[in-house]
Amino acid sequence: MGAVEVPALDGTGHAAHHGLDYLLSKVNSGGSGRGGVMPAFGGLLPEADRRAAIAFVQSLWAETVYQDWQRHQSAAH
């Protein structure tokens, strides 16, 4: 099995389709469970830093993508 392709970080990748809880769980547990190589950061970084990493990636998204994500996030809660 080959390495998993790195997803796009510009909002066109899969992350823009998931809520914050899911994104945090992936940062916490890493990507090895799905064949990826991203390490788990749950035990390495404080929660504020894990959230900041997600916010940084989201800052790379087009404004419309982020607004759609926010709408879906609000509807889920």
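On a predicted model such as this, the values are computed, not experimentally measured, just so you know.
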With rounding to the nearest 0.5 Å, note down the distance linking [atom1] in [X] to [atom2] in [Y].
X: Arg51; Y: Gln58; atom1: CZ; atom2: CD; result: 10.5 Å
X: Ile54; Y: Leu20; atom1: CD1; atom2: CG; result: 5.5 Å
X: Arg50; Y: Ser25; atom1: CZ; atom2: OG; result: 11.0 Å

Going by the angle between their ring planes, with limits at 30° and 60°, are Trp61 and Tyr66 parallel, tilted or perpendicular? tilted
Quick one: sort the His17 and His14 rings into parallel, tilted or perpendicular, breaks at 30° and 60°. tilted
Shortest non-hydrogen contact from Gly11 toward Ala16: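 Closest heavy-atom pair between Gly11 and Ala16: O-CB, 3.5 Å.
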Return the minimal non-hydrogen interatomic distance between Met38 and Lys26, and the atom names on each side.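 Answer, listing the atom of Met38 first, then Lys26: CE-O, 3.2 Å.
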